[in-house]
Every structure is written in structure tokens, then in C-alpha cells.
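The block underneath contains the structure these notes are about, expressed in C-alpha cells.
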Amino acid sequence: MVRTDDRYSVRETEAKWQQTWEQADSFRAGRDPAKPRYYVLEMFPYPSGRIHMGHVRNYTLGDVVARYKRARGFDVLHPMGWDAFGLPAENAAIERGVHPAKWTRENIAAMREQLKSMGLSYDWSREVATCEPEYYRHEQAMFLDFLKAGLVYRKESWVNWDPVENTVLANEQVIDGRGWRSGALVEKRRLAQWFLKITTHAEDLLDSLKTLERWPERVRVMQENWIGRSEGLRLTWELDGRSDRLEIFTTRPDTLFGAAFCAISPNHPLAAELAAGDAGLAEFIAECNRMGTSEAALETAEKKGWATGLSVLHPLVPGWRIPVYVANFVLMDYGTGAIFGCPAHDQRDLDFARKYGLPVKPVVLPPGADPATFTVGDVAYDGDGTLFNSDFLDGLGVAEAKARIIDRIEAEGSGARTVNWRLRDWGVSRQRYWGCPIPIIHCPTCGVVPVPRQDLPVRLPEDVTFDKPGNPLDHHPTWKHVACPACGGAARRETDTFDTFFESSWYFARFCSPHRDDVPFDHAEADRWLPVDQYIGGIEHAVLHLLYSRFFTRAMRDCGYLSVKEPFAGLLTQGMVCHETFKSTEGGWLYPDEVVRRDDGTLVHGETGQPVVAGRSEKMSKSKRNVVDPAHIIATYGADTARLFMLSDSPPERDLEWTEAGIDGAWRYVNRLWRMVAMPALELPPSGSPLPDLSPAAAKLRRLVHKTIAAVSDDLDRFHFNKAVARLRELTNALGEVGEVGEATGAGAAWVLREGLETAARLAGPMMPHLAEEMWRDLGHATLLVDTPWPAAEPALLVEDTVTVAVQVNGKLRATVDLPKDAEAALAERTALAQPQVVAAMAGKPPRKVVVVPNRIVNVVV
RNA sequence: GCGGACGUGGCGGAACCGGUAGACGCAGCGGACUUAAAAUCCGUUGGCCUUUGGCCGUGGGGGUUCGAGUCCCCCCGUCCGCACCA
């Protein structure tokens with residue numbers, strides 16, 4: 001438990017320094033043109049009302065980087081804002097009758113206070129909230145620019161439609177095919193929606209991933225897969241008995257002679273046409289549409305098809321008819337929405353063929369297989385090999401066969417070599433209220449008309465109600481009725497709003513000049529600060545937010561807003577904060593503070609005494625109740641303790657297990673550090689006094705001080721925060737021994753102790769800023785630690801004159817010997833062979849070989 | 001299904017290029033202080049054995065090497081992503 005009479009009064013101390021920094025305006029960016037610039041950014045939060053441990057971790061990591069870089073002499077931009085549009089505000093409006101604007105603004109105010117209590121070094125003068133017209137007006141203007149630049153278009157696409165709520169549902173709101181709130185069966189509907197042409201930049205978005213050297217490899221791989229470049233063939237087949245043709249896309253044109261069927265998507269126009277005269281097919285299509293549309297759902301679902309009765313004619317073999325199916329695993333959005341199937345060399349096609357009794361004809365022979373006997377059973381062969389059963393392709397390898405057949409098809413005019421992308425254009429229309437209005441007017445005579453510049457922003461009306469299902473903008477009495485800017489006739493506004501990824505795709509640029517109201521941001525300022533040197537946030541944004549931001553930056557560059565094309569030069573993706581889960585015997589989740597651990601180790605409910613079952617540790621979430629409120633932790637232990645715990649133990653990219661014991665340990669260390677300065681073991685000489693003669697013990701301690709500076713600096717440079725904490729603890733452990741028997745005493749001990757404590761305060765500064773500032777003042781400094789440069793290690797103190805070298809016999813450790821640094825191999829060998837344990841282990845045998853690695857190891861082989 | 005990551009003491013994790021496995025912390029155990037407790041401090045803590053010594057040990061099995069947590073091959077397990085949450 002926490003003692004209240006501790007002399008280190010956290011609350012007062014932390015509040016005091018927060019106030020001091022604020023009054024000194026310590027964290028304002030852009031004041032010193034002589035300094036190199038550094039832009040560190042954490043993903044801005046959705047203002048849910050309270051910060052959670054994930055925020056604490058994210059913002060602690062960012063703050064350590066920001067404070068460290070400041071100390072290292074950078075002019076640091078470290079801003080914070082609010083990703084303030086989004087669904088939860090509308091849910092609150094529906095469930096509790098609070099207006100989204102009021103709810104959001106109150107949440108922002110509450111969260112700002114919570115963040116401030118963490119002592120984060122933000123330049124608060126740059127705060128932005130995306131729900132305010134001062135922010136979103138600029139993205140309306142940019143959208144119109146994108147439209148002019150040909151980066152925007154409108155087309156129909158499928159949505160999840162809840163027929164009871166009259167609203168479009170997000171995928172996560174569809175549970176087992178039903179609306180999450182209404183429980184109604186979700187329908188697929190086509191709506192005209194706005195799209196941004198992210199695909200025009202697909203090639204560059206893919207190729208430039210290589211330049212993002214300070215991004216985690218796995219994020220780059222995820223984006224690479226997402227963009228999904230594949231080379232193949234578009235091929236048109238003649239439909240038997242019809243005048244039209246079927247166009248398919250394939251990445252395996254080499255297997256064309258093994259084709260067994262063609263399959264089209266349930267959403268293919270041909271399928272719709274056929275369904276009109278085929279009730280069974282119509283029902284099959286409806287069934288497919290009820291199934292989830294995610295790739296994972298499609299890939300794992302049972303492969304099903306519907307024979308249309310149509311056939312296509314094989315493009316290279318006259319008279320070969322191939323049946324056409326509608327199949328549930330063919331995506332309309334990928335390629336042409338139609339494929340040909342070669343069962344022998346594709347598992348999915350094989351499953352399908354087996355189910356419908358289609359022929360399985362191998363055309364690629366695995367190396368070493370016998371063409372006379374090779375057959376395909378339950379497993380398709382998708383490896384390389386030699387073509388056979390394939391006419392003019394026989395004998396070729398897969399790659400040559402692909403090239404050869406594409407050449408032939410192109411020569412015949414029935415198809416062409418194509419690069420296909422998995423990446424689809426970004427649909428930005430949302431049929432929701434709490435978002436940025438799309439600045440478009442629909443006129444019955446002029447069609448789609450952009451809102452004129454001088455009429456921006458199109459403000460989101462706040463006088464709306466949520467008593468009816470559907471989008472409030474749609475049933476607002478006046479808002480959508482406007483005169484057409486072109487002809488003056490009666491027209492109506494677009495009532496869709498932007499996807500909230502729109503706001504987060506450029507906020508990092510807005511932070512460079514957040515108060516310009518004529519432009520989204522100052523071009524020169526953006527070029528000066530961008531790209532963000534270090535971006536920090538959750539791995540869950542690995543694809544969408546980060547890819548959209550990369551695209552948006554290119555689009556902004558296309559339109560002359562800035563000069564860079566990559567928004568984030570460095571990326572750190574932090575792991576989740578997890579906690580043990582608890583369930584009552586009835587199966588309900590319990591909050592951690594409802595659970596009491598008895599002396600015998602059993603868990604019981606604090607009030608009822610009922611036994612409690614401990615579950616596995618999982619990501620903190622309200623639904624599992626395994627949450628710990630940061631506000632409570634900060635009020636009890638202080639921000640520095642919470643921050644220290646976030647940094648200790650686990651490396652940032654891994655999951656962090658929140659434990660009571662862990663926070664206690666951090667709290668003990670905070671107090672220990674404080675006590676070392678408040679009640680020093682020796683009387684300290686004044687700061688800056690000349691270096692006295694040092695006893696050997698004092699000199700050794702001083703070397704540790706400087707080694708710690710070097711190690712912590714290196715750790716912070718590489719984001720090894722847990723190791724930095726460990727090094728700091730090692731230093732303070734050693735400093736704590738000063739004055740004890742056998743430790744640094746006598747000549748110079750007090751001087752080294754002062755140097756050590758000042759170093760500890762300075763190294764702790766980025767991690768535990770309030771405590772460090774307090775220590776700095778207690779050590780007699782009138783200036784602020786935040787204005788003090790990072791300590792420099794003296795190179796001469798980093799090298800030891802002796803090293804401990806391990807001695808192995810046949811690879812097993814038998815002894816260690818101390819040798820002068822860089823000792824001759826002969827000396828090392830001689831010393832090693834003289835060790836009694838080594839002699840014993842050699843058992844009288846002569847050494848066959850001696851491996852000497854200078855300063856590291858001697859291995860004697862007998 | 002496809003793609004990716006990870007696996008080291010009771011626990012979180014260290015170990016840079018292949019060179020003393022377990023830094024630092026948590027928990028445990030023993031002790032000091034105290035009437036007692038809290039707090040603090042000191043010592044100890046991978047396992048096993050025939051204990052001044054030795055053997056085993058980094059998910060499992062094989063390999064390369066004087067030497068493997070680290071490199072290679074196969075296997076097992078866990079987690080994450082796969083297009084309207086943010």
C-alpha cells in the first residue's frame with residue numbers, strides 16, 4: 001500500500017513541475033531555427049472520454065523520445081489533437097440522448113486534463129480537433145482539388161444494409177449476418193458512393209515501401225500483401241451460343257490446357273442476368289450475399305457453385321467446351337470477377353472440381369515425376385515443374401510457359417498481359433451524421449456540382465435529432481435543400497459524410513501550422529517538418545490508416561500542397577497492454593478490484609466471498625472488465641510511476657502485462673531515487689567543483705557512471721526503453737553502495753556520488769520527468785532540467801584496461817581469466833592453459849587446437 | 001485458406017557480428033531494524049546430483065561449427081492481419 005506520509009509527495013511535486021513547464025512554455029516548437037528539427041508524433045486518440053492504458057503506453061513512449069531529442073539539442077515538434085469524428089458519438093446520442101458535438105467536446109476537455117496529468121511534453125498551442133469546421137473545412141477544399149485532379153470518382157458499390165435501422169452497417173456491426181443493434185438480417189445494397197483513386201498510386205505505394213527503412217518489417221509486409229500486385233493475363237472467352245464474351249483474369253495462364261471450368265462471382269452482371277430466369281440461381285446468389293464478404297470468410301467457407309448451363313469455348317482448342325458456374329469464392333472486386341479453374345494446380349479449384357465431378361487434368365509435372373503415371377489426388381500441385389499435356393507448351397518451365405502463352409493469346413487478340421492489384425479504390429462515403437460533410441450538391445439538371453470554394457466550409461448542422469432511424473442529415477428539415485450553384489434551381493446536398501480515415505490522413509501536416517485558416521497548412525512549414533521523424537502507435541493501424549496517409553500525402557503533393565510523398569519516416573508500433581481476466585463462478589466477468597487474493601492463494605470476490613476463476617491475460621477491454629483506470633493509478637502513484645512501469649520490463653513492440661506487483665515495483669524505485677538525492681549518503685561537494693584525486697573504488701564507480709550514459713543513450717536511440725531502465729537501476733544500485741564498507745569511500749567518493757546523482761537525474765529525465773526535475777533542483781540547480789543538455793560520456797572512461805576472458809575446453813566453460821585488454825593471443829593461450837580447472841578438464845591430453853578470440857574467449861580443443 | 005510474428009528460470013525480460021545463457025526487475029526464501037506490523041536495508045534464488053565438484057538446460061528433433069538461444073532443415077504450439085471500429 002501507499003503511505004501518505006511519505007516525504008516525496010507525488011501529487012504536489014508533479015503538479016508543481018507541470019505548472020512550471022507550462023509557465024516557461026518549455027515545449028513550444030519551432031522557436032530555434034539554428035537547431036536541427038525533429039518531429040515526433042503519436043497517433044492522436046479518439047476522444048472516448050477517458051484515457052486507457054493503451055494511451056498511457058503510447059504517449060509515454062512518444063514523450064520519452066520527444067524529451068530525449070530535446071535534450072540532445074533538437075527543436076522538437078510534439079503535438080497532440082483529437083480524432084473527433086466517428087461512430088461512438090452517434091451511438092451515445094442514440095443511447096443516451098446526448099448530442100454528438102456536446103459529448104465529443106466534453107470528452108476532449110476531460111481527456112485533455114488526463115493527458116496533462118501525465119506530464120507529457122506537448123506543444124498544446126497546436127492542438128486540433130477534427131470535428132471543428134476550422135479543421136474539416138480544409139479537407140473539403142482538398143477533396144475538391146482531388147476531384148479536379150481526377151483523383152475522385154463516384155460509382156455504385158455494395159454496403160451492409162440494416163433494414164430496421166435504415167442505415168449502413170460497418171463490418172464490425174454485422175454479427176452472424178445480423179445487425180448488432182436491431183438483430184435484423186443484413187442485406188447487401190448498392191449505393192452510389194465517392195471513391196479516391198488510391199490505385200493510381202498503387203505501384204509507387206508498393207515500390208516506396210523499400211525506402212521506409214525505419215518501419216517494422218512486418219508492417220511493410222502487411223502493406224505489400226494488401227496492395228497485392230500480381231502479374232497475369234486478362235483473357236476473353238467466347239460464350240457458346242451467345243454473342244457476348246466472358247473476360248477472366250488469371251495468374252496461371254500456363255495451366256490453360258488444364259482448365260476444367262469457369263466461375264463467375266455471384267455479383268457478376270452475367271449472374272444477375274441469368275438469375276432473372278432461374279429462381280434456383282437467384283436463391284443461390286442470395287445465399288452467397290448472406291455470407292460474410294471478408295477474404296477469410298470466403299477462403300474458409302465450403303466452396304460452392306451453381307451450374308449456369310452455359311459454356312465457354314477454349315481459346316486455343318477448337319471445339320473444347322468448358323462449363324460456367326457461379327461460385328461463392330469468386331470476388332467481384334478482384335480482377336474481372338471471373339476466373340477459369342485448373343483443378344490439378346490450385347487447391348481451391350481442386351476442391352470445387354471434386355465436389356462437382358469435374359475432370360482433373362495435370363499439366364505441370366513436378367521434377368522427377370513420371371508423366372505416364374503422375375496424377376493429382378486430394379492435394380493440388382502448385383509448385384514449379386515441366387509442362388505436359390499442353391500442346392506447344394510441352395517441355396517448358398512454368399515461367400517460360402506463362403510468357404509463351406501470353407504472347408500467343410496477345411497475338412490472337414483474345415487477351416493481354418496485365419498487372420492486377422488487390423488494392424481497391426478507397427470508398428470514402430459514409431451514410432452517417434458525425435463526420436465531415438462531402439462538399440457536393442446534386443442538381444436534377446446539372447448533375448453533380450461541387451460546392452463553390454467561397455461557400456466552404458459546408459458546416460455540419462448541430463440542430464439534429466436521433467429519434468428516427470437513418471441518417472439525421474437526411475431528415476433535417478432544411479439543411480440539404482439548396483440552390484444549385486450552377487443553374488440556381490432547386491438541388492440537394494450530398495448527405496453522406498467522409499470516412500473518418502479522411503481526417504487522420506493529413507492531421508500530421510496540419511500540426512505544422514495549425515492556425516492557418518486560408519490553407520490547410522503552410523507549404524514551407526510542412527516541408528520543413530515533414531516527414532514525421534518518428535511516428536508511434538498501435539499495430540492495428542498497420543494497413544489502413546498508414547496506407548491512406550501515404551496515399552493522401554501523395555495526393556496532396558499532386559495538388560501542390562507540399563513536397564514530400566512519405567508522411568512517416570520512422571514508425572514504432574507498440575504492443576497492447578494486457579491484464580489477467582477474472583470470472584465469477586456464474587461466468588460473469590469481474591473487475592480486478594472486485595477480486596481479493598487470500599493468503600492461501602485462492603481468489604474470491606471481495607464482497608460476496610464467492611470463488612473467482614482467473615482466466616488468461618488478454619488485451620484490456622471494457623467487455624472483459626480486465627481494465628485498470630490510468631486516472632486512478634496516476635492519482636495514487638503519480639505519473640512518473642505509471643510511465644516507468646510502461647517502459648520497464650517489456651520492449652515497446654511487445655505486449656505488456658499490467659500487474660499490481662509491477663506498479664508497486666516502479667513506485668518503490670521512484671521513491672528510492674528520490675531518497676538518494678533528498679537524503680544523500682555523503683555530504684556532496686558543490687556542483688561543478690574540480691575533479692579531485694579518486695580512490696580506485698571511486699574511479700571504478702565513475703567509470704560506471706559514464707558507461708551508463710553511453711548505454712542509456714544507445715538504448716534510447718534504439719527504443720530499448722526497458723534496457724535503459726535496467727541500466728539506470730544498475731547505476732543507482734551502485735550509487736546506493738557508496739559509503740558502505742568496501743565500496744567507494746574516501747578520496748573523491750562524494751564528488752563521484754554527486755556526478756552519479758546528477759547523471760541519474762538527467763538520464764531519468766525523459767522517463768520520469770517530474771522526479772528528475774525535483775532531483776535536479778534538490779541537487780542545487782536553479783535552472784530547469786528540461787533545459788539542460790543530455791550528459792556526455794567521457795570516452796576515456798568507457799574503456800577498461802583489463803577484460804575477463806572465458807576459457808573453454810572442448811566448448812565447455814572451465815574458467816575465466818582477467819587479461820589486459822587486447823592482450824597477445826600467445827599470452828591469452830598461456831594463461832588459459834595454466835588454469836588448474838583447465839588442466840583438470842584436459843585430463844593429460846595435449847591440446848589439438850586452441851581458438852583465441854581476443855578479449856572474449858579461449859577454447860582449447862583436445 | 002493465405003500472409004506474418006513469436007516461443008529463454010515460478011513470471012516480465014537481457015544476451016550487439018556465432019564466443020561466460022539468465023543483465024535488470026517481479027515473485028519466493030533467509031536475515032537486520034521493530035513490542036508488532038508497514039516501510040526500508042542486507043543476503044540468496046534455473047534444474048538435478050554422489051555439492052571445495054559435476055551433469056543437464058533457451059518449444060521438440062536433426063544438422064553446420066573449435067563453439068549455437070543466435071545459422072540451416074523438419075516438426076509442435078501461441079498470437080496477429082485479411083477492406084465501413086478507430
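The sequence lines fix the lettering, A, B, ..., with proteins before strands; numbering per chain opens at 1. Quantities reported herein were computed from a predicted structural model and do not represent experimental measurements.
B/rC17: glycosidic angle within 90° of 0, hence syn. Applying the 90° criterion around 0 to the glycosidic angle, B/rG9 comes out syn. Base orientation of B/rU51: syn (glycosidic angle within 90° of 0).
In this structure, A/R814 reaches the sugar-phosphate backbone alone: every heavy-atom distance under 4.0 Å involves primed, P, OP1 or OP2 atoms, never a base. When heavy atoms are screened at a 4.0 angstrom cut-off, A/D714 is found touching no nucleic acid atom at all. Residue A/I539 is out of contact with every strand shown, counting any heavy-atom pair closer than 4.0 Å. Note on A/Q837: nothing from the nucleic acid sits closer than 4.0 angstrom, heavy atoms only. Using a 4.0 Å heavy-atom criterion, one finds that A/H541 contacts the bases of the nucleic acid, with or without backbone contacts as well. Among the protein residues, A/E540 comes within range of the nucleic acid bases, having at least one heavy atom under 4.0 Å from a base atom. Heavy atoms of A/R218 sit under 4.0 angstrom from primed sugar atoms or phosphate atoms, though from no base atom. Within 4.0 Å of A/G662, counting heavy atoms only, lies no atom of the nucleic acid at all. Counting any heavy atom pair closer than 4.0 Å across all strands shown, A/V851 reaches a base atom. Among the heavy atoms of the strands lying under 4.0 Å from A/T804 is at least one base atom, whether or not backbone atoms are also near.
For B/rG69 and B/rG61, the P atoms lie 13 Å apart once the distance is rounded to whole Å. For the P atoms, the distance from B/rA15 to B/rC6 is 14 Å, rounded to whole Å. Comparing the P positions of B/rU44 and B/rG63 gives a spacing of 40 Å, expressed to the nearest Å.
When each of A/F501 and A/K812 is assigned the nucleotide of RNA chain B with its nearest heavy atom, A/K812 is the one assigned upstream, toward the 5' end. The residue among A/A726 and A/W226 whose nearest nucleotide of RNA chain B is located toward the 5' end is A/A726.
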Where protein sits on nucleotides 10-16 of chain B, one letter per nucleotide: B base, S sugar-phosphate only, - none, heavy atoms under 4.0 Å: --BSSS-
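Under a 4.0 Å N-O distance rule, the pair A/R430/A/D499 qualifies as a salt bridge. Using a 4.0 Å cut-off between charged side-chain N and carboxylate O, A/E730 and A/K707 make no salt bridge. Taking the charged nitrogens against the carboxylate oxygens, A/K355 and A/D351 have no contact shorter than 4.0 Å, which rules out a salt bridge.
Applying the 4.0 Å criterion to OP1 and OP2 of B/rG25, one finds that A/R672 has every side-chain N and O outside that range. Look at A/T816 and you won't find any side-chain N or O under 4.0 angstrom from OP1 or OP2 of B/rU20.
Pairs of Watson-Crick or G-U wobble type, with distances under 3.5 Å, assemble into runs of 3 or more in RNA chain B at these ranges: B:1-7 with B:76-82, B:10-12 with B:24-26, B:28-32 with B:40-44, B:46-49 with B:53-56, B:59-63 with B:71-75.
Judged purely by atom type and a 3.5 angstrom limit, A/T641 has no side-chain atom pairing as donor or acceptor with the backbone of A/A666.
Distances from the side chain of A/V853 to the nucleotides B/rC84, B/rA83, B/rG19 place B/rG19 closest.
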